[in-house]
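Every heavy atom of this structure was used, including side-chain atoms; hydrogens, water molecules and symmetry mates were not. Each residue takes its place number in the sequence, starting with 1. Quantities reported herein were computed from a predicted structural model and do not represent experimental measurements.
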Amino acid sequence: MDFTLTEDQQAVKEAARDFAQNELLPGVIDRDRDMIYPTDQVKMMGEMGFLGMMVDPKYGGGGMDTVSYVLAMEEISKVDASCSVIMSVNNSLVCWGLEKFGSEAQKQKYLVPLAKGEIIGAFCLSEPEAGSDATSQRTTAEDKGDHYLVNGTKNWITNGNKASVQLVMAHSNRELKHKGINCLIIEKGFEGVSIGAKEDKLGIRASDTHSIMYNDVKVSKENRIGDEGFGFTFAMTTLNGGRIGIAAQALGIAAGAYELALKYAQERTTFGKPIIKHQAIGFKLADMATEIEAARLLVYRAARMKDLGMDFSTAAAMAKLYASETAMRATIEAVQIHGGYGYVKEYHVERLMRDAKITQIYEGTSEIQRLVISRALLKGELYQPMVASTNNA
Ligand code: CAA
């Protein structure tokens, strides 16, 4: 099995690392503290092609593979997880879903500016009473012939106030349960759309999280993605890809905290030697390095399976589950290694620890990932090693 990156993938990784160090690191503490949306940085990400990385160049994207995307996500997340969630939602949940399932007209109108980063998108599935239980959507899209009338509220929406385009899941026929759900493209400027207050969050504080209210919003049927009732399958399939993005974010947060802790442990001296030479600290770093490397393999493998056109839903769930749990453990240990310095903002690791927590929650909690994995096992869909499946392809 070949674990090396191609020259192109290596170049993407380096470009993302340079961008993160030069453009994101300055100001990251202030943006986090004061909940300042990274307007200039998001604009730069668009210009550098980080907001539509996997989209076909004919629709304004970078035409890159998923592995390149996770490499960029990892590097950017090492420094600024607020920027990387903006990037992840736009790439995985909005652009990828639109490119895979949207009509040609929808792609021309919405995907092109989204992929170029000229506008930002949002994915609107969660509701006040429908988080993990995503089939119990209460937002309605009443069929009015040539259009739908949308009413309801969406919660925890990343890019909520900044997104010009929202992909909104709504029920058109409750009797059909999840098969009655549609995904509609709604513009922020449509009459009846209003944005709730910005959430004051534990982590990823510079990202823009809001509820969005829909009050008799008229949406043309041309804005429905796929056939009538396709919305839930759209949401689940898109989330499979989204979970790879968040797994890469978690990996980056863990690796960022580890790099800072390793550097600190080499520089900080106690009892006459650098603290890395104390077994208590050296072993912590050894565990962190090992777990991060294991998470990296799972994340890259899920991305590679997606690139090979294989069923990657279980692999994505495993990658997100393990990488997010690793991010939490690694960031807590990074704070511990820094001692008192870890508890103050200047040393970055406390922010990474706060940022890590959300990766265990959004785009499917760790419990939902375990549910997805255990259901696959129950159905007898034993996890196929990539190499065997590739040979069969
Ligand atoms: N991929 C493709 N299809 C899937 C799927 C997957 N991973 N999971 C379920 N489905 C399909 C099923 O095949 C089924 O379709 P059919 O009836 O046609 O066969 C349909 O969806 C319903 O599935 P279930 O019967 O399994 O439904 P359920 O209600 O028992 O469980 C669930 C569904 C897996 C728990 C689902 O509700 C889920 O994933 N919940 C988590 C929701 C989530 O991840 N939310 C994230 C919000 S977005 C976000 O966080 C973005 C952000 O801003 C950062």
List the residues meeting side-chain hydrogen bond (donor to acceptor under 3.5 Å, both in side chains) with [X], not counting sequence neighbours, and say none if there are none.
X: Asp65; answer: Gln9, Ser68
X: His348; answer: Arg351
X: Gln360; answer: Glu325, Lys357

Between [X] and [Y], is there a donor-acceptor pair closer than 3.5 Å when you use the side chain of the first and the backbone of the second?
X: Asp32; Y: Gly203; answer: no
X: Lys277; Y: Thr269; answer: no
X: Glu350; Y: Tyr347; answer: no
X: Glu99; Y: Asp56; answer: yes
X: Arg205; Y: Lys201; answer: yes
X: Glu23; Y: Gln41; answer: no
X: Arg296; Y: Ala255; answer: no

Donor + acceptor pair across side chains of [X], [Y] (<3.5 Å):
X: Asp8; Y: Thr6; result: no
X: Glu74; Y: Tyr300; result: yes
X: Gln106; Y: Asn223; result: no
X: Lys188; Y: Ser164; result: no
X: Lys154; Y: Ser211; result: no
X: Ser84; Y: Gln249; result: yes
X: Asn155; Y: Ser126; result: no
X: Tyr69; Y: Ser92; result: yes

Inset, instruction - Start with the C-alpha distance between Phe50 and Cys83, add both sets of side-chain angles, then the distance that settles side chain to side chain contact (heavy atoms under 4.5 Å, CB included), and finish with yes or no. - result: CA-CA 11 Å; Phe50 287 135; Cys83 278; over 6 Å; no
Inset, instruction - Measure the acute angle between the ring planes of Tyr264 and Tyr341, then classify it against the limits of 30° and 60° as parallel, tilted or perpendicular. - result: tilted
Legend entry - Atom pair CH2/OG1 of Trp156 and Thr209 - distance to nearest 0.5 Å: 9.0 Å
Inset, instruction - Report the distance from atom CD1 of Ile276 to atom NE2 of His278, rounding to the nearest 0.5 Å. - result: 11.0 Å
Legend entry - Option passing salt bridge (charged side-chain N to carboxylate O under 4.0 Å, His left out) with Lys221 (candidates Asp227, Asp143, Asp146): Asp143
How about [X]: does its [atom1] atom have over 12 heavy atoms from other parts shown lying under 6.0 Å from it?
X: Glu104; atom1: CD; answer: yes
X: Lys116; atom1: NZ; answer: no
X: Glu187; atom1: CD; answer: yes
X: Arg174; atom1: CZ; answer: yes
X: Glu346; atom1: CD; answer: no
X: Gln10; atom1: CD; answer: yes

Legend entry - Contacts of type ring-ring contact (aromatic ring centres under 6.0 Å, His included), residue Tyr37, not counting sequence neighbours: none
Inset, instruction - Would you please name every residue forming a ring-ring contact (aromatic ring centres under 6.0 Å, His included) with Tyr343, sequence neighbours left out? - result: none
If hydrophobic clusters are built by linking Ile, Leu, Val, Met, Phe, Trp and Tyr wherever their side-chain heavy atoms come under 4.5 Å apart, do [X] and [Y] end up in the same one?
X: Ile292; Y: Val299; value: yes
X: Ile281; Y: Leu352; value: no
X: Ile361; Y: Ile253; value: no
X: Leu93; Y: Val112; value: yes
X: Leu251; Y: Leu262; value: yes

Inset, instruction - Report the C-alpha distance between Glu127 and Thr139 in whole Å, list the side-chain angles of each, state the deciding distance to 0.1 Å, and finish with yes or no for side-chain hydrogen bond (donor to acceptor under 3.5 Å, both in side chains). - result: CA-CA 8 Å; Glu127 298 186 358; Thr139 298; 2.8 Å; yes
Inset, instruction - Compare all side-chain heavy atoms of His171 with those of Arg138 and state whether any distance is below 4.5 angstrom. - result: no
Under 3.5 Å, which donor-acceptor pairs do the side chains of residues 232-246 form with other protein atoms, sequence neighbours left out?
unit_1 : atom_1 : unit_2 : atom_2 : d
Thr237 : OG1    : Thr233 : O      : 2.6
Thr238 : OG1    : Phe234 : O      : 2.6
Arg243 : NE     : Glu363 : O      : 2.8

Inset, instruction - Mind listing the closest non-hydrogen atom pair of Leu98 and Tyr110 along with its distance? - result: CD1-CB, 4.1 Å
Inset, instruction - Test Ile120 against every option in Val94, Asp208, Asn90 by the side-chain contact (heavy atoms from CB on, under 4.5 Å) rule and name the one that passes. - result: Asn90
Legend entry - side-chain contact (heavy atoms from CB on, under 4.5 Å) partner of Ile186, the single match among Val165, Val219, Ile212, Leu167: Val219
Legend entry - Intermediate values then yes/no, side-chain hydrogen bond (donor to acceptor under 3.5 Å, both in side chains), Asp216 and Asn151: CA-CA 5 Å; Asp216 282 344; Asn151 282 285; 3.0 Å; yes
Legend entry - Ion pair check, Glu191 and Lys218, cut-off under 4.0 Å: no
